[in-house]
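Written below as structure tokens is the structure these notes are about.
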Amino acid sequence: MQVVVLNEARDSSSAGSGSEWLPCKVRVKKLIIAIDGPVGSGKSTLARRVAQMMGYVYVDTGAMYRALALKALRRGLSLDAAEDLEALAFGTHIDLRAKDDTQQVFLDGDDVTAAIRSTEVSQAASKIAVVPAVRHVLVTEQRRAGHQGGVVMEGRDIGSVVFPDAELKIFLVASPEVRGQRRWREHQQKGDAIDLAHTLVEIHERDRRDRERSSSPLFCAPDAVVVDSTAMDPEEVARLVVMLARERGGASSSAMQS
Ligand code: DC
């Protein structure tokens, strides 16, 4: 598998700023910020906003599982055929491209940004994500994409497995009712005919699979900061995380350039 992450903020800042030659420079660093949590806790909104505020790269690892699941569905593969899925993962190219406030996802060159958000793909992604060989391929690519820092990566196992040494780990939670309502609203905005009760069942099923799988289950890393977004405004949560990042010496990309 090859994953390419394109983000204008980091691409421009990494192009030879020359800051390493400046004397008396306070040492600042570009952090790895890991954001994990269950379905509907607000990870994507938070990760995108923090990346924007810090000028960091945003990586949605769920989109990688979703893109691969879509390819498996299109090929008619069984979603528990470990060897077939591993071979599929090795032969797959995923581009994650930042565009304005959103992230576009390309699967082997095709724009699948909308296609990977269907209910069918959500369930399929959570099924292939239990296969250790699939996780191994994707985790390797996620490490490659984020190891230089200056990245906000969201998923289920970022702080626990992908980057256990991340400088800042956030475990985002929210009440099941609020998570269900958020997901249901998203479905409604897309015009999906799905009711709230069905959405709650769907997220409960995915939560259970994420928590109970033997390979990299969803859990809160001991050194993660738990943030409950139930009664918080998304902007408030983002500002809190940026403040924590600054406390840990995190510099934004623009600060590294000046
Ligand atoms: O975050 P999401 O809903 O887009 O993720 C889709 C599925 O992918 C989710 O059900 C679990 C899986 N996933 C995972 O196992 N590990 C990750 N780091 C990200 C997602």
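Every number for a ligand or one of its atoms is a count from 1 in the order of the listing. Nothing fancy with the numbering, it's 1 onward along the sequence.
With respect to atom 10 (O) of ligand 1, the closest heavy atom belonging to the protein is Ser126 CB, 3.1 Å. With respect to atom 3 (O) of ligand 1, the closest heavy atom belonging to the protein is Arg206 NH2, 2.5 Å. Nearest to atom 18 (N) of ligand 1 among the protein's heavy atoms is Asp157 OD1, 2.8 Å. Remark: minimum distance from atom 1 (O) of ligand 1 to any protein heavy atom is reached at Arg156 NH1, 2.9 Å. Distance from atom 19 (C) of ligand 1 to its nearest protein heavy atom, with residue and atom name: Thr61 OG1, 3.4 Å. Among protein heavy atoms, the minimum distance from atom 11 (C) of ligand 1 is reached at Asp210 OD1, 3.3 Å. Ranking the protein heavy atoms by distance from atom 8 (O) of ligand 1 puts Tyr65 CB, 3.5 Å first. Scanning the protein for heavy atoms near atom 7 (C) of ligand 1, the closest one is Ala125 CB, 3.8 Å.
A salt bridge is absent between Arg248 and Asp223; no separation between the charged side-chain nitrogens and carboxylate oxygens falls under 4.0 Å. Taking the charged nitrogens against the carboxylate oxygens, Glu236 and Arg239 have no contact shorter than 4.0 Å, which rules out a salt bridge. Using a 4.0 Å cut-off between charged side-chain N and carboxylate O, Glu186 and Arg183 make a salt bridge.
The distance from ligand 1 to the heavy atoms of Arg213 drops below 4.0 Å at these ligand atoms: 14 (C), 15 (O).
Residues Val242 and Met54 meet the side-chain proximity criterion, which asks for heavy atoms closer than 4.5 Å. Using a 4.5 Å cut-off on side-chain heavy atoms (C-beta onward), Gln142 and Leu138 make contact.
At a cut-off of 3.5 Å, with distance as the only test, no side-chain donor of Tyr58 or Gln52 sits close to an acceptor on the other residue. With no hydrogens or angles considered, no side-chain donor-acceptor pair links Arg179 and Ser41 at under 3.5 Å. Counted by atom type alone, Arg182 and Ser229 present one or more donor-acceptor pairs between their side chains at under 3.5 Å.
The environment of Lys99 atom NZ is sparse: at most 12 non-hydrogen atoms of other residues, nucleotides or ligands sit within 6.0 angstrom.
Compare Ala124, Gly62, Ala129 by their heavy atoms: the one nearest to atom 5 (O) of ligand 1 is in Gly62. Around atom 4 (O) of ligand 1, the closest heavy atom drawn from Arg66, Lys127, Lys43 belongs to Arg66.
Distances between N or O atoms of Glu154 and those of ligand 1 include no value under 3.5 Å.
Contact analysis puts Arg135 in contact with ligand 1, with a non-hydrogen atom separation below 4.0 angstrom.
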